[in-house]
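Okay, so here's the structure we're looking at.
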Amino acid sequence: MESKQQPITALPAWQALGKHFRKIKNVHLRDLFADDPERAARFTVEAEGLRLDYSKNRISGDTMKLLAALADARGLVQARADMFSGKAINRTENRAVLHIALRNRANTPIMVNGCDIMPDVNRVLGQMARFSEAVRSGVWKGFTGKPIRAIVNIGIGGSDLGPVMAYEALKPYTQRDLIVRFVSNIDATHIWEATRDLAPDETLFIVTSKTFTTQETMTNAQTARDWCLSALKQETAVARHFVAVSTNAAAVQAFGIDPENMFEFWDWVGGRYSLCSAVGLALMLAIGPHHFLDMLEGFHAMDRHFLTAPPERNLSVILGLLGVWYNNFFNAQSHAILPYDQYLSRFPAYLQQADMESNGKSVDRQGRRVTWQTGPVIWGEPGTNGQHAFYQLIHQGTKLIPADFIGFCKAANGMGLPRASRGDHQAKLMANFLAQTEALAFGRTADEVAAQGIPPELVPHKVFAGNRPTSTIMAEQLTPAMLGKLIALYEHKIFTQGVIWDIFSFDQWGVQLGKELAGRILPELTAVAEPELKHDSSTNALIRMFRRYRCQD
Ligand code: F6P
């Protein structure tokens, strides 16, 4: 696990940033804007139909130059080239990281172990498209000869969050008479509620699991299989009502799924980066191959942008650098993702996995404990709902919470309807969107509050300090291609930060211990005879409590 990297804190670029931070940390956005009438233009970049206005951040031109120098010193350009050319950059698992190949619409060869992987990528895309068309058109029949009316994707983490987020995001593009649901939690409530009103002979399950061993997915798949067979009675029905998305052909076959109906992907696709692979099958079934390919085009356009644009015009690099600035110099602990679009309601949750599973690491690439902060807590909700919940703390709390505001000029809802019949929702939504970043940046001073005739004892409560940083990401409309661009934008932001922090962004060892311990505890919960418990006193007592109530269940 050799790495030539020095600790980040030893880099001259880092030290220069520290010095610069001490100069700029108390400068107010009010002054930065007042001093520079061109500030918005100076800190706005537009690419691939996405506008990033990052002028409401606590930065100057020097800040961005110094941050870019840090990325340079960390070898971002080489790291990016290594990823795109298929080097095994996921070194703790000795794997290439090639989600970019899944949407390589230019179809240029990408080599892994001396073989071009593009023919395989295209073959599976073709298989997905044929299958989707067959199901959507009713040509694919269930065991009793009826067409499929409901699709249930069973998966968790990267095998769930991407498809469910994108399905919600692209609802206007879905075939509305096809029910599409997602089951992830091992809590039986999830599968129970998802299937209770469905007809087994009209339901298709997609078991999506890279490993085909994940406890949640396999348990839910087994329950779904029992549910299906209790109605359809014959084992052969499984082949008409279950398909699999996996890298593990043997386990898929052992489950009873026809190998013909397995959609393959590969170990060079990380779970949380897998939406463009066969993991997106439920999405393709919902929106159709044509829209799915449009989404891939969007991803590809942003991949090209990330690969070719210089740092000062590179949207992902800019977002990555800003994140480092707040995380490592302002000591911000979290980062809010605030989409002003209800269709993006699951986008913050999706980015939570993408970012936190990637960059929630505390050793560097040589295995040394880092002495600098790595990935922030990612969280958020769609606007305007968040405004009536947690924005109070962002405006007036004691914590600095940098936020990305994502909004669109045209609504994606009610497409095709005349504007008059759609009311003024979009203008009101976007008025709030714009007002929030303005309020967060500029606030309201005590003098301004007093000038409104507010009693002096209330003035401090009504002051908004401002200087709360935001980035605004705006585009014309949320379309399949735009969604692809947005996701890729953040994927490459995460990559940029991982390189700067010198951590491995593409493994997730931190999920293992809990899985292992759960495996040990399960038999202790279910054993008939009282087991001898060898945990700590807290865990032992909690296990006993569960067992006590379970006996009465
Ligand atoms: O939570 C850990 C994890 O390995 C994720 O990285 C992954 O997306 C998820 O579990 C599901 O894994 P699989 O697709 O193998 O079922």
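The basis for the numbers below is simple: all heavy atoms, side chains too, and nothing from hydrogens, waters or symmetry mates. Model, not experiment: these values are computed from the prediction. When a ligand or atom number is given, it counts from 1 through the structure's own listing order.
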* Proximal candidate to atom 4 (O) of ligand 1 [heavy atom criterion; set K515, Q512, R272, Q215] -> K515
* K210, any N or O under 3.5 Å of ligand 1 N or O -> yes
* Asked: Is any side-chain heavy atom of L98 closer than 4.5 Å to a side-chain heavy atom of F84?
  -> no
* **atom 2 (C) of ligand 1: nearest protein contact (heavy atom, Å)** => V511 CG2, 3.6 Å
* Decide whether the shortest distance between a heavy atom of E216 and an atom of ligand 1 is less than 4.0 Å. => no
* What atoms in ligand 1 come closer than 4.0 Å to a heavy atom of Q353? -> 5 (C), 6 (O), 8 (O)
* Validation row, ring centre F504 to ring centre W509 under 6.0 Å -> no
* Asked: Is any side-chain heavy atom of W227 closer than 4.5 Å to a side-chain heavy atom of P200?
  -> yes
* Asked: Are any of the N/O atoms in G158 less than 3.5 Å from those in ligand 1?
  -> yes
* Closest protein heavy atom (residue, atom, distance) for atom 6 (O) of ligand 1 -> E357 OE1, 2.7 Å
* Step through it carefully: locate the ring centre of F131, locate the ring centre of F263, and say whether they are under 6.0 Å apart. => yes
* To do: Please state whether the rings of F306 and H492 are parallel, tilted or perpendicular, taking 30° and 60° as the class boundaries.
  => parallel
* Is it true that R225 and E235 make a salt bridge, defined as a side-chain N closer than 4.0 Å to a carboxylate O? -> yes
* Would a line drawn from the ring center of F408 to the ring center of Y340 be shorter than 6.0 Å? -> no
* Structure fact -> When distances are taken from atom 12 (O) of ligand 1, the protein heavy atom at minimum range is T214 OG1, 3.5 Å
* Those atoms of ligand 1 less than 4.0 Å from some heavy atom in T211 -> 13 (P), 15 (O), 16 (O)
* To do: Name the closest protein heavy atom to atom 11 (C) of ligand 1, giving the residue it belongs to and the distance to 0.1 Å.
  => I156 O, 3.2 Å
